[in-house]
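Just so it is clear: chains get the letters A, B, ... in the order the sequence lines come, proteins before strands, and each one is counted from 1. The structure presented is a predicted model; accordingly, all values stated were derived computationally and were not measured.
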Number of protein chains: 2
Amino acid sequence: MGMDIRRLVGLNLKIYRKAAGFSQEGLALECGLHRTYVSGVERGVRNPTVLVLAQLAEPLGIPASKLLEEPVDGE
Amino acid sequence: MGMDIRRLVGLNLKIYRKAAGFSQEGLALECGLHRTYVSGVERGVRNPTVLVLAQLAEPLGIPASKLLEEPVDGE
DNA sequence: ATGTGACTTATAGTCCGTG
DNA sequence: CCACGGACTATAAGTCACA
């Protein structure tokens with residue numbers, strides 16, 4: 001019973017997106033999704049599919065699995 | 001450009017499910033999904049959502065992120 | 001640059017079966 | 001026990017106008 005996985009994905013996405021220097025709009029363009037959709041994923045109000053996770057992860061240069069990982073302290 | 005992520009999820013699920021000693025039907029019952037759906041995920045013909053990944057992972061005792069991880073040799 | 005509600009179309013996910 | 005199909009219903013995908 002960890003946190004809501006949609007929220008987890010959202011938090012992770014925001015972290016990796018910022019680390020890669022993208023705005024939501026910039027990332028949306030890179031991965032072929034709509035700006036407002038990316039916003040919804042980050043806020044945890046969307047329940048994305050694995051195909052969408054892969055699309056988001058690609059321009060960030062991370063494996064899709066990273067978007068589902070619980071934050072580990074000491075990382 | 002790794003393998004199709006749906007196929008990856010399917011292969012991982014099958015491995016972890018068997019390791020936990022579940023049949024597809026048994027796992028489906030445990031996680032509240034339909035038996036035919038679990039079958040479809042394992043065959044890589046389904047595109048599950050993150051909520052479903054979490055549901056599948058729970059009775060397997062693994063984090064949902066494991067279902068998206070590429071196989072690493074030496075594991 | 002982002003958050004949000006509302007909306008339509010595509011598909012996720014269920015349930016009935018078969019070999 | 002599992003692969004696979006058809007028909008269905010619930011919800012994700014995808015877009016927009018506006019704050």
Extract all donor-acceptor atom pairs below 3.5 Å that involve side chains of residues 32-41 of chain B and protein atoms in other chains or at least two apart in sequence.
{"residue": "B/Ser39", "atom": "OG", "partner": "B/Arg43", "partner atom": "NE", "Å": "3.2"}
{"residue": "B/Ser39", "atom": "OG", "partner": "B/Arg43", "partner atom": "NH2", "Å": "3.3"}

Start and end of the DNA chain D segment that chain B contacts, any atom under 4.0 Å from a heavy atom:
D/dC2 to D/dA12
Those residues that, when tested against B/Leu8, pass side chain to side chain contact (heavy atoms under 4.5 Å, CB included) (two or more places apart)
B/Met3, B/Asn12, B/Glu70, B/Pro71
If you take any heavy atom closer than 4.0 Å to DNA chain C, which residues from residues 19-31 of chain A end up in contact?
A/Ser23, A/Gln24, A/Glu25
So how far is it from A/Glu30 CD to A/Leu27 CG, rounded to the nearest 0.5 Å?
8.0 Å
What residues form a side chain to side chain donor-acceptor pair (under 3.5 Å) with A/Arg17, not counting sequence neighbours?
A/Glu42
Write down the distance between CD (B/Glu42) and P (C/dG13), rounded to a whole number of angstrom.
15 Å
Rounded to the nearest angstrom, tell me the gap between atom CG in B/Leu13 and atom P in C/dG13.
13 Å
By nearest-heavy-atom nucleotide on DNA chain D, the more 5' of A/Pro48 and B/Arg17 is B/Arg17
What does the B/S/- profile of nucleotides 14-19 of chain C look like, 5' to 3', with a 4.0 Å heavy-atom cutoff to protein?
BBBB--
At 4.0 Å (heavy atoms only), tell me whether B/Val52 reaches a base, stays on the sugar-phosphate, or touches nothing.
sugar-phosphate
List the atom of B/Pro59, the atom of B/Leu56, and the distance in Å for their closest heavy-atom pair.
CD-O, 3.5 Å
Restricting to non-hydrogen atoms, name the atom on B/Val50 and the atom on A/Val9 that form the minimum distance, rounded to 0.1 Å.
CG1-CG2, 4.2 Å
Numerically ordered, the residues 59-68 of chain B set in heavy-atom contact under 4.0 Å with DNA chain C is none
How would you list, by chain and number, every residue that makes a side chain to side chain donor-acceptor pair (under 3.5 Å) with A/Asn47, sequence neighbours excluded?
B/Thr49
Please tabulate, one pair per line, all N/O donor-acceptor pairs under 3.5 Å involving side-chain atoms of residues 60-68 of chain A, not counting sequence neighbours.
none

End-to-end bend of the helix from C/dT2-D/dA19 to C/dG19-D/dC2 (five-pair axes, 10° rounding)?
40°
Residues in side chain to side chain donor-acceptor pair (under 3.5 Å) with B/Arg46, at least two apart?
none
Is there a side-chain contact between B/Arg6 and B/Val45 (heavy atoms, below 4.5 Å)?
no
Which part of the nucleic acid, if any, lies within reach of B/Arg6 when heavy atoms closer than 4.0 Å are counted: base, sugar-phosphate only, or nothing?
nothing
